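As the structure lists them, so they are numbered: ligands from 1, and atoms in each ligand from 1. Bear in mind that the values here come from a model prediction, so they are computed numbers and not experimental data.
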Amino acid sequence: MSPSSEIYFTIPNTLQNWPWPRHINPHYNICKAESSAWCEGFKAFTPKAQKAFNKCDFNLLASLAYPLLNKEGCRVGCDLMNLFFVIDEYSDVADQCGAREQADIVMDALRHPLKPRPEGEWIGGEIARQFWENATRTATPSAQRRFIKMFDSYLNSVVQQAEDRTHNYIRDIQSYFDVRRDTIGAKPSFAINEIHLNISDEAMEDPIIKTLASTSIDMLIIGNDLCSYNVEQARGDDGHNLVTIVMNERKIGLHAALQWISNLHDRLAAEFLEAYKKLPSPINPDVATYVDGLGNWVRGNDVWSFESERYFGVRGLEIQNSRIVQLLPKEKGEQGNTGLIPSTQGISVSTIKPSGFIQNILSSIWIKWGVTFLVLMLSVASLRSIIILHRYELF
Ligand SMILES: CC(C)=CCC/C(C)=C/CC/C(C)=C/COP(=O)(O)OP(=O)(O)O
Ligand SMILES: [Mg+2]
Ligand SMILES: [Mg+2]
Ligand SMILES: [Mg+2]
C-alpha cells in the first residue's frame, strides 16, 4: 500500500454560517425519475459506468440548487446537470482536439435545436439538442440568450483545461481563477435560475449583482475543489484544482493550503453578504428571486457533494459531519481517467467511492498470494527433481 493512504486531511466547514439553508425542490422525485430515464436512454456509458454515474445523482444537485423553480424549471435543471456531467466525464479525459470537437458539436446542437444530428456523431450532441429543445419551450428570451453565451464560454474554457492538462501546465492562483470561473459551469447554471424571469442586461450589469454573482462563483469553485480534491489527485487530474494550485504557488503543504483556501472562502462569504445588504429597497422581485438563487446554489452544491456518492462514496454523510478524509493512493491508470467513459471502464468505481479503493487493496493482496503460491510450487518442484537425481546418483 502506498504511504499516502496513511495521510488524513480535514475539509474546512466553510458554510457554517451561510444564511441559506438546505432547501430541496418539491418536484425532485418526479424530475429525477424522468430526467434519469431520459439521460440513460442515450447509452452514453457502459452499464457498469452508468451505474456509477447514477450514484452521483445529478438530479439531486439540480433540485437542491434550484429549490424555487416550478416542475418545468426543475426538469430543465436536472437535464442540464445530467448533460454537464456527461460532458465533464468525456472532456476530463480528452486532449485539446478532442475537447474542441466535443465543444463544437454541443454548441451546434444548442444553436440549432430543431436540426437532426448527423449519423455517428458523439452522443453529447443529441443530449444537448434535446435538452435545449425542451428548455426553449418555457425559457424567456433573456434567459435563453444568456444561457447560450455562457455555455459557449464554459465549453471554450474546458478546451483550455484540456490543453493545460495535455502540457502538464500548472497555473498560478490568479490565472487558475480566470479559467476556473468558466470551467466550474456556474454562469450557464445561473441562467437557469432566471429561466422564467425577465431580467434586463442593465440589471445584470449592476455592480452589486456582479459582486454577488462573482463571489458565489468563487465559493462554488472552492466548494467543488475541496470536495473533489481527493478523487482528482488520485487519478492525477488535480492540475485543475485550487488545492494543488495553492500548494504549488505558495510552496506549502496540504494542510496549510486548506487553511489558506478556508480563509479565502470566509472573505468571499463576507463580501457576498455585504453586497446583499446593499441591494436597493424596494427591489425588483425578479432580481430578488435571482439573487436568492445564488445563495441557494452555494448551499445546494455543498450539501450535494456529501449527500451524493460522487466524491466520498457511501461515507459522504459521515464525512460531512467529521470533515476528516483519508488521502487516496494515486491510481496506476491513465492520467485524468475518471473511470466512467467506456474506454476506461476498468478502474471505474475506485475513482469515486471508497469501496473501490478497498477492492484495489484486495486485488493487490490476491496478486501477492498468487506470487507466493507460484514460488512455493516452483520450490517443491525443484526439491523433487533434486531428490530424483540424487536417488539415481546423478547428483
Ligand atoms: C460539470 C459541471 C461543469 C457542472 C456545472 C454545474 C455546477 C456549477 C456544479 C457544481 C460544481 C461542479 C461539480 C463543477 C464541476 O467541476 P469539476 O469538473 O471539477 O467537477 P467534478 O469535481 O465533479 O469532476
Ligand atoms: Mg471538469
Ligand atoms: Mg470533473
Ligand atoms: Mg472537481
Handout entry: Test applied, ring-ring contact (aromatic ring centres under 6.0 Å, His included); reference residue, W297; option that passes from Y290, Y66, F272
Key =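 Going through the options one by one, the only one that passes is Y66.
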
Exercise for the section: Pick whichever of I217, D225, N301, D92 has a heavy atom sitting closest to atom 11 (C) of ligand 1. Expected result: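 Going through I217, D225, N301, D92 one by one, N301 has the nearest heavy atom to atom 11 (C) of ligand 1.
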
Handout entry: Pair Y311-W304, ring-ring contact (aromatic ring centres under 6.0 Å, His included): steps then yes or no
Key = CA-CA 10 Å; Y311 308 115; W304 167 77; 5.5 Å; yes

How far is [atom] from its nearest protein heavy atom, and which residue and atom is that?
atom                    : value
atom 4 (C) of ligand 1  : F84 CG, 3.6 Å
atom 13 (C) of ligand 1 : N224 ND2, 3.1 Å
atom 22 (O) of ligand 1 : E232 OE2, 3.0 Å
atom 18 (O) of ligand 1 : D88 OD1, 2.8 Å
atom 21 (P) of ligand 1 : Y311 OH, 3.5 Å
atom 8 (C) of ligand 1  : I184 O, 3.3 Å

Practice task
Identify the two heavy atoms, one from L197 and one from T140, that lie closest to each other, and give their separation to 0.1 Å.
Solution key: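 Reported closest heavy-atom pair: O-OG1, 2.8 Å.
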
Practice task
Indicate yes or no: does an N/O atom of R310 lie under 3.5 Å from an N/O atom of ligand 1?
Solution key: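 The answer is yes, given that R310 and ligand 1 share an N or O pair closer than 3.5 Å.
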
Problem - Test of proximity, S189 against ligand 1: N or O pairs below 3.5 Å - result: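 No, since none of the N or O atoms of S189 sits under 3.5 Å from an N or O of ligand 1.
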
Handout entry: Audit row: W132, F147, ring-ring contact (aromatic ring centres under 6.0 Å, His included) steps and yes/no
Key = CA-CA 10 Å; W132 194 235; F147 179 84; 4.7 Å; yes

Exercise for the section: For the Mg ion (ligand 4), report each protein N, O or S atom nearer than 2.8 Å, sorted by chain and then by residue number. Expected result: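 Within the sphere that stays under 2.8 Å of the Mg ion (ligand 4), the protein atoms of type N, O or S are N224 OD1, S228 OG, E232 OE2.
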
Handout entry: Whether R180 lies under 4.0 Å from ligand 1, heavy atom
Key =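 Per 4.0 Å heavy-atom rule, R180 contacts ligand 1.
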
Problem - Whether T183 lies under 4.0 Å from ligand 1, heavy atom - result: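 T183 counts as a contact of ligand 1 under the 4.0 Å cut-off.
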
Practice task
Kindly determine whether R129 and D108 satisfy salt bridge (charged side-chain N to carboxylate O under 4.0 Å, His left out), including the steps that lead there.
Solution key: CA-CA 9 Å; R129 190 196 69 75; D108 186 63; over 6 Å; no

Exercise for the section: May I ask you to check whether D88 brings an N, O or S atom to under 2.8 Å from the Mg ion (ligand 3)? Expected result: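 It does: D88 brings an N, O or S atom closer than 2.8 Å to the Mg ion (ligand 3).
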
Practice task
Sequence neighbours left out, what passes side chain to side chain contact (heavy atoms under 4.5 Å, CB included) with I184? Give chain and number order.
Solution key: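 Expected list: R180, A186, I217, L220, I221, N224.
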
Run the side-chain donor-acceptor check on residues 277-287: report pairs under 3.5 Å with partners two or more places apart or on a different chain.
unit_1	atom_1	unit_2	atom_2	d
N284	OD1	D286	N	2.8
N284	OD1	V287	N	3.4
D286	OD2	N198	N	3.0

Handout entry: Same apolar cluster: L61 and L317, side chain cutoff 4.5 Å
Key =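 No, it is not one cluster - the side chains of L61 and L317 are not joined through contacts under 4.5 Å.
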
Practice task
Please check if I252 and L254 belong to a single hydrophobic cluster, counting links between Ile, Leu, Val, Met, Phe, Trp and Tyr side chain heavy atoms closer than 4.5 Å.
Solution key: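 Yes, same cluster.
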
Practice task
Just let me know how L220 lines up against ligand 1, side chain, backbone, both or neither, with a heavy-atom cut-off below 4.0 Å.
Solution key: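 None of L220 does.
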
Handout entry: H240 contact mode with ligand 1 (heavy-atom cut-off under 4.0 Å)
Key =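 For H240, no heavy atom sits under 4.0 Å from ligand 1.
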
Atoms in ligand 1 with a heavy atom of [X] nearer than 4.0 Å:
X    : result
Y154 : 3 (C)
S228 : 22 (O)
F85  : 1 (C), 4 (C), 13 (C), 23 (O)

Problem - Validation row, ring centre F53 to ring centre F85 under 6.0 Å - result: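 Not close enough - the centres of the two rings lie 6.0 Å or further apart.
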
Exercise for the section: Verify the neighbour count for atom CD of E34: are there more than 12 heavy atoms of other residues, nucleotides or ligands below 6.0 Å? Expected result: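 It does: E34 CD has more than 12 such atoms within range.
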
Exercise for the section: Step through the shown structure and confirm whether more than 12 heavy atoms of other residues, nucleotides or ligands are within 6.0 Å of NZ on K71. Expected result: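 More than 12 within 6.0 Å, yes.
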
Exercise for the section: Give the name of the N/O/S atom in D92 that lies closest to the Mg ion (ligand 3). Expected result: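 Nearest N/O/S atom of D92: OD2.
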
Practice task
Drop me the distance from F84's CZ to S189's OG, to the nearest 0.5 angstrom.
Solution key: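 If I round to the nearest 0.5 Å, the distance is 4.0 Å.
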
Exercise for the section: Would you check if the side chain of S262 reaches a backbone N or O of L258 as a donor-acceptor pair within less than 3.5 Å? Expected result: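 No, because the side chain of S262 does not come within donor-acceptor range (under 3.5 Å) of the backbone of L258.
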
Handout entry: With K51 via salt bridge (charged side-chain N to carboxylate O under 4.0 Å, His left out) - residues at least two apart
Key =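 If we apply the salt bridge (charged side-chain N to carboxylate O under 4.0 Å, His left out) test to K51, skipping adjacent residues, there are no hits.
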
